[in-house]
Amino acid sequence: MSVLTEIRNRFRPALAGLTADVDAALGMIKPAQDAKFGDFQANFAMSLAKAAGKPPREVAQQVADQVQLDDLCEPLEIAGPGFINLRLKQSWLEQAATSLLSDDRLGHQKLPARKYVIDYSSPNVAKPMHVGHLRSSVIGNALDRMLRFAGHEVVSDNHIGDWGTQFGMIIFGYKNFVDPAAYQAQPVAELARLYRLVNQLCDYHEALEEAPKLETRLAQQVAKIQRAEADGGDPKQLKQQLKKLQQEHTELKESLSSAQKKIEAIKTGPALSQLAAQFPDIVTASREETAKLHAGDAENQRLWDEFMPKCLDALQGVYEKLGIKFDKTLGESFYNPFLADVVESLKSKGMARDSEGAACVFIEGNEAPFMVQKKNGAFTYATTDLATVRYRVEQFGTQAMLYVVDKRQSEHFQLLFETARRWGFSGVEFHHVSFGTVLGNDGKPFKTRAGDTVGLESLLDEAVARALKIVSENNPSLDETTRQTVADAVGIGGIKYADLHHNRESDYKFDWDKMLATSGDTATYIQYANARMHGIFRKGQIDRASLAAGPQKIVLTNASERALLLQLLSFEDALNAALADLRPSILTQFLFETANRATAFHQDSPVLKEEDAEIRRSRLLLCDLSSRAITLGLSLLGIAAPQQM
RNA sequence: GUCCCCGUAGCUCAGAUGGAUAGAGCGACGGUUUCCUAAACCGUAGGUCACAGGUUCGAAUCCUGUCGGGGAUACCA
């Protein structure tokens, strides 16, 4: 049990007579925000004062007099308007440490098990993974590991996009443009090339069609602006109106220039322009390939069956680099057989109705419909998602479903969850674990200089390469194999940590130097703190197993030992708080703080040189504990903790 | 048009259900190494929490409005 929980339990009886909502009051007991106020503080007196009809300090005093904390804390202090400050007794802390020492869960008690499905990563198999898949994969995997450790039954499911328009493009590309030799040698690279090619040609034709329309609209927009300026009117309103018009103008200009770029890209290449001329209706044609696939066309199905394993292999390569494993990889195609029935069921329950030829569910309060069938009869990802919900509940008995997906899709999930509840899954807990965008240095979505999305695999390789350079500079004495292992841990760990330590809802700037920095709030810093602890064991030739077998007694002799131990005792709270909000960043905070305190301890509490055998042993135990805490914490984030670096 | 999110130190970001003098990292400045990994540590400076009202014992946090930025908005997934 965590220290905080213990303290709260002690306060419970003393608060019983004061408020109807004891838990709320207990929630106002928290770690002290400043060490000078002690270790913990209770803030409930102020809010209870009015109901009690007494000044807050009197309320605080009354509770302080009643609560039984003599063994745990120094005498309580009432401070300021009515804060109760608590300082733990050294003897109690030393004693509490023993329960950590003998526990490989570091004091974390398993939570009541629930059945989770966590849906993350979800790339499109037709195209290589890019930086946009980083956050879902990394955050999802961290939550996956954390939930399992906490005692839940978790099914991780990679809901890959293997059935959409992109596949039609690949099939079309394969039928018309494949280079058999290249396909033989590197099938996935060739398929990716085909996808890019067809996509580019489709873009070209669509742009050709769009560009004149955009030009007209742009001219109209300019006219509108001029008219508005000429008309004048209320200055404030005019300003607003002009601003809006200008914004639209900018957007139009951007769309036009992007269309022109797409046209240019084809026109400047003779080979490309020839292909473009040769396949004027490539857009419809590749859509048709998709439709044929969905309709069960034998040839397209055969191609799909041939491509899929190769595409999955390619994804697997990235997941191996990331250290991610899924229990299930049930993509969109898997749910194809169930889609018609989903729509049927929604219709029969009166939830879906016809609207402009499409079948839609309308949720009041939302303008946008939840479209489950298009007017051409095709199903949408809404349909697939509903089929997925039903399948998971029926097959896995899922009680809670987590979707680790970009925050821009929040509206979709809002509609999905509400529709699913009405459809009969109101007992299931749904969470859209949303996250922001990875930005480049310019504050815009992270792109290459050429404007393309950044490939995920090359990003990971670059991280490891950069890390290897740093490792080699900092510790040339390591042998090559170890250096490579450390580079993997530092490089991949650095990318993951940088992502996880931000509040997931925020956008963040991707910055190599920051994420691989050796000091500051980085994976490297935390890993290094751990490696130093291992260094002590190595140097002192300490066998950790026999350390664990000896007397488990911590004696606190200075402030850095105390601060470190107190921190280690909060692991359970940190993990539970992170899980309650599905925020790995709360766990990274714990790790950084632990590493900080471990390093401070390392700085001013000599271990091997300590002459007093009891103190030396106690410090070794603290080293062992910190190292275990960091290793465990990092592992829950999917980050390696090398013993030497 | 409608809806959602954001605006905190020079930079990048934390601030869990409102709590004491708003934090961290980087950068800047100053210091620390005969000592278990200096990939480190210690210290200093730096903020009108976009702005204006309101709610209350107390607001970066809740409410309203203004300004600024981003996103979503019916047949892509």
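Just so it is clear: chains get the letters A, B, ... in the order the sequence lines come, proteins before strands, and each one is counted from 1.
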**OP:** Mark up nucleotides 5-16 of chain B, 5' to 3', with B wherever a protein heavy atom is under 4.0 angstrom from a base atom, S wherever such an atom reaches only the sugar-phosphate, and - elsewhere.
**Re:** -------SSSSS
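A close approach under 4.0 Å does occur between a side-chain nitrogen or oxygen of A:Ser519 and OP1 or OP2 of B:C26. In terms of phosphate contacts, A:Tyr525 brings no side-chain nitrogen or oxygen within less than 4.0 Å of OP1 or OP2 of B:C26. Distances shorter than 4.0 Å separate none of the side-chain N or O atoms of A:Thr165 from OP1 or OP2 on B:C76. For the OP1/OP2 pair of B:A38 and a distance below 4.0 Å, the side-chain nitrogens and oxygens of A:Arg532 include at least one atom meeting the criterion. Within the 4.0 Å cut-off from OP1 or OP2 of B:G19, not a single side-chain nitrogen or oxygen of A:Gln33 is found.
Comparing the same atom, P, in B:G18 and in B:C75 gives a spacing of 41 Å after rounding to whole Å. Across the C1' atoms, B:C62 and B:U55 are found 8 Å apart, a figure rounded to whole Å.
With hydrogens and angles ignored, the 3.5 Å screen pairs a side-chain donor or acceptor of A:His294 with a backbone N or O of A:Trp163.
Under the stacking criterion of a centre-to-centre distance below 5.5 angstrom and an interplanar angle below 30°, A:Phe37 sits stacked against the six-membered ring of B:A20.
The salt bridge (Lys or Arg N to Asp or Glu O under 4.0 Å) test applied to A:Asp511 returns A:Lys514, not counting sequence neighbours.
Whole-Å rounding puts the A:Met645 CE to B:U37 C1' distance at 10 Å. The separation between A:Asp385 atom CG and B:C76 atom C1' is 14 Å, rounded to whole Å.
The ring of A:His159 has its center no closer than 6.0 angstrom to the ring center of A:Tyr381.
Closest to the side chain of A:Tyr381, from the set B:U37, B:C41, B:A77, is B:A77.
Across all their heavy atoms, A:Ile586 and A:Ala574 have their closest contact at CG2-O, 3.7 Å.
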